[in-house]
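Everything below concerns the one structure shown next.
In what follows, every chain begins at residue 1, and chains take the letters A, B, ... in the order their sequences are listed.
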There are 2 protein chains.
Amino acid sequence: MRIGELAERTGASRRLLRYYEEQGLITPERSANGYREYGEAFVDRIAQIRGLLDAGLPTRIIKQVLPCLNTPRALYFPDATPEMIATLERERDRMSDRIRCLAQNRDAISAYLDAVRDGTPPPTEAPIRTGGPVDGTAGRTGVTR
Amino acid sequence: MRIGELAERTGASRRLLRYYEEQGLITPERSANGYREYGEAFVDRIAQIRGLLDAGLPTRIIKQVLPCLNTPRALYFPDATPEMIATLERERDRMSDRIRCLAQNRDAISAYLDAVRDGTPPPTEAPIRTGGPVDGTAGRTGVTR
DNA sequence: ATTGACCTTCACACAGATGTGAGGGTTCGA
DNA sequence: TCGAACCCTCACATCTGTGTGAAGGTCAAT
């Protein structure tokens, strides 16, 4: 497919698809007239790239990480130098850090939303003083909604 | 404590601490001479902010999310308008997406690293083509190196 | 009183991801 | 053969998170 279709199917603008190529993240074929030609696999690839970008990884890192994630489980490493391995370990750890941070904050948001939905607990009674979470009182009082 | 100490203890530059304030993420006190004065709680707060920034959230979103995460479990919502609730739900979902993406890619990296460390598996059998770069030939032929 | 290490605001600079548009080819259907 | 709808490259613009430095105030120790 050409760039327009890929853009439509992935939600990435044409500009961005060219940018990802410029950054070495993807390398589409070129047809005789110079048009970029993308295979089906690029749809997933772009989704993966956009997900990682959105999760805070810069293209420079994504570029290093992508080759190890070849779609058809192509687990044969082009080089696997010690530096590359060290880089991968470092990035893996950073990703774990991010996951921890995100999960923790997401759970806090969830807890907040749960509490809010539980019929806004009257702030008049029991001003809630900095103790534990939800401190017993406003728990799920059977009200389903 | 003043900005220098907080910077040192959090790893954020003074410039950034002022920037976070300008973006409305934090609101330190001011002492008589105009110096910013931060309480202990700001150390965690800054760590949280930096973690979320690193995980791809813009300050605009962090600003909306932080108040629901008040350290002393102050679960009494200042407003809780329907729009705010919708925003929180949206962001919670986006965070879940990010977590999924990160976990998936991290696990793939882990798998790759495991495979690499397991004495490089012979690629000679089943060349795995699919557009891979090294095209089979010069693969590690069982040579443990 | 001066020095040094803090602090203040202001402002310009930069990199990375993305938008926008100009100027120009290709392809295809009316 | 024309026009629409694609594609190309190039280049400048924008937004965000940061860095850096200038010009100046505060404070403690010498």
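Checking C:dC7, C:dT18, D:dC7 against the side-chain heavy atoms of A:Arg14 singles out D:dC7 as nearest.
Regarding A:Leu57, its CG atom lies at a distance of 10 Å from the P atom of C:dA17, rounded to whole Å. In this structure, A:Ile62 atom CD1 and C:dG16 atom C1' are separated by 12 Å, rounded to whole Å. Here the P atom of nucleotide C:dG16 and the CG atom of B:Asp54 are 16 Å apart, to the nearest Å. With rounding to whole Å, A:Arg2 atom CZ is found 13 Å from C:dG25 atom C1'. Between the CZ atom of A:Arg30 and the C1' atom of D:dT9 there is a distance of 10 Å, given to the nearest Å. Rounding to whole angstrom units, CD of residue A:Gln23 and P of C:dT18 are separated by 10 Å. We find that CD1 of B:Ile3 is positioned 17 Å from P of D:dT26, with the value rounded to whole Å. Rounded to whole angstrom, the span from the CG atom of B:Leu52 across to the P atom of D:dG17 amounts to 12 Å.
Remark: B:Asn33 is not in phosphate contact with D:dG25, judged by side-chain N or O atoms under 4.0 Å from OP1 or OP2. For C:dG19, the OP1/OP2 oxygens have a side-chain nitrogen or oxygen of A:Ser13 closer than 4.0 Å. The side chain of B:Tyr19 places an N or O atom within less than 4.0 Å of a non-bridging phosphate oxygen (OP1 or OP2) of D:dG17. Note on A:Arg60: every side-chain N or O is 4.0 Å or more away from OP1 and OP2 of C:dG16. The phosphate of C:dT18 has OP1 or OP2 within less than 4.0 Å of a side-chain N or O from A:Tyr20. Between B:Arg18 and D:dG19 there is no side-chain polar atom (N or O) within less than 4.0 angstrom of OP1 or OP2. Close to D:dC7, at under 4.0 Å from its OP1 or OP2, lies no side-chain N or O of A:Arg36. Note on B:Thr59: every side-chain N or O is 4.0 Å or more away from OP1 and OP2 of D:dT16.
Using a cut-off of 4.0 Å between Lys/Arg side-chain N and Asp/Glu carboxylate O, A:Arg18 and A:Glu22 are scored as not salt-bridged.
For B:Ala32 and B:Arg50, each mapped to the nucleotide of DNA chain D holding its nearest heavy atom, the one lying further toward the 5' end belongs to B:Arg50.
Side-chain atoms of A:Glu37 come within 3.5 Å of backbone N or O of A:Met1 as a donor-acceptor pair. Although no hydrogens or angles enter the test, the distance criterion places a donor-acceptor pair under 3.5 Å between the side chain of B:Arg98 and the main chain of A:Asp54. Distance alone, capped at 3.5 Å, places no donor-acceptor pair between the B:Ser31 side chain and the B:Gly34 backbone.
Heavy atoms of other residues, nucleotides or ligands lying less than 6.0 angstrom from CD of A:Glu8 number 12 at most.
With respect to A:Leu25, the side-chain contact (heavy atoms from CB on, under 4.5 Å) criterion is satisfied by exactly one of A:Lys63, A:Gln48, A:Arg60, A:Arg45: A:Lys63.
Here A:Leu53 contributes atom CG and A:Ile62 contributes atom CD1; the two are 3.5 Å apart, rounded to the nearest 0.5 Å.
Under the 3.5 Å distance criterion, with hydrogens and angles disregarded, no donor-acceptor pair is assigned to the side chains of B:Arg50 and B:Thr10.
The base of C:dG25 lies close enough to the side chain of A:Tyr35 for a donor and an acceptor atom to sit less than 3.5 Å apart.
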Check nucleotides 12-14 of chain D for protein N or O atoms closer than 3.5 Å to its own N or O atoms and list the pairs.
none

